[in-house]
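All chains are named by letter (A, B, ...) in the order of the sequence lines, taking the proteins before the strands, and each is independently numbered beginning at 1. Since we're looking at a predicted model, the values are computed, not measured.
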Amino acid sequence: MSSPTQPDSIGKLEMFGAVGLFAILVAAALGKEFGYIDGYVAKRIFGIIFGVVLVIMGNFLPKIVRPLSAQHSDPVKVLAAERFAGRTFVLAGIAYISVWVFAPPENAMLISSLVGLGAFALVATNWVWLIRGELPRNQQETKSDKIRHAMFQILFALFWVFAIFLADSLWGDHISRPMGIAYVFALVFWGALSANKARLRKRHEPSP
Amino acid sequence: MSNVFKALSDPTRRRVLELLKERPMSAGELSAQFNVSKPTMSAHFAVLREANLVASEKHGKSVVYQLKVSVLEDALLSFAQVFGWELQNSEQAEPQQSEPEVFNK
């Protein structure tokens, strides 16, 4: 029926960028561990990196489109929701970075967490409002879905980081540490859901 | 990125992208909005595809386009629209021997 153009793939530049950001995070963590950099400086570096990741995810979210044949019955709403999500994450990411650069260290974690979580709440509310009642017309997974799944996993991780930072600011370590462990369980649960979905999809595929 | 600037430098192509913001449209529907020849429109579509600003699919005999712009590219598009950004050399789209579009509505 349709032959979509080549879906986007993750190029070398994106891979190097991701590796570079991860290397900076590891370097900051090790620098703090061995006393080369102050704890606040390390937190600022983490905060700025998370903000950069949020900006990048928001920027490219509207670009990884699914073929029309695999979209909801009203692709206009989905595309509008994704454009809104992209702009919101980019603006929130810039605000997040600004907080970590300019705000006093003792306030930066709380303010930035509220900015980050506020962006997710806004996007989720808009998504639910626009998409309510709409279900995918076609459950077949497309190539662009894999990139989208990876992006959603990164966004989910960012959401959890913001929630942990907020909990740490308000209630301290004894709440934020279990939340970090809970993230691992949430990932396992997500993985199990995805595997089950793939299994169901395979079972309902027409036999050759 | 130079392909993106080239694509956004033409007012016709910018108008195509603005139309696609409303909803995905076929090549025929898009062409009906402009008073240019079909080979010229085909060339514009080719420039937009090359810049990775649109995704195209064949639906039966027609080609349907949907928007595929990042937030940064959307901002550049708005900037170009506001300031009437145009290239002044021969880098405008010219009818070439590209894959023929099917302009069925």
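- Using a 4.5 Å heavy-atom cutoff, the side chains of A:L79 and B:R23 are not in contact.
- At a threshold of 4.5 Å between non-hydrogen side-chain atoms, the residues B:L67 and A:P62 do not count as touching.
- Environment of CZ in A:F159: sparse, with no more than 12 heavy atoms of neighbouring residues, nucleotides or ligands closer than 6.0 Å.
- Taken from CD in B:E73 to CZ in A:F60, the straight-line distance is 7.5 Å, to the nearest 0.5 Å.
- Contact annotation: the side chain of A:R83 never approaches that of B:V71 to less than 4.5 Å [non-hydrogen atoms, C-beta and beyond].
- Looking at A:K63, its side chain does come within 3.5 Å of a backbone N or O of B:N52 through a donor-acceptor pair.
- More than 12 heavy atoms of other shown residues, nucleotides or ligands fall within 6.0 angstrom of atom CZ in A:F152.
- Atoms OG and CD1, on B:S70 and A:I56 in that order, are 12.0 Å from each other to the nearest 0.5 Å.
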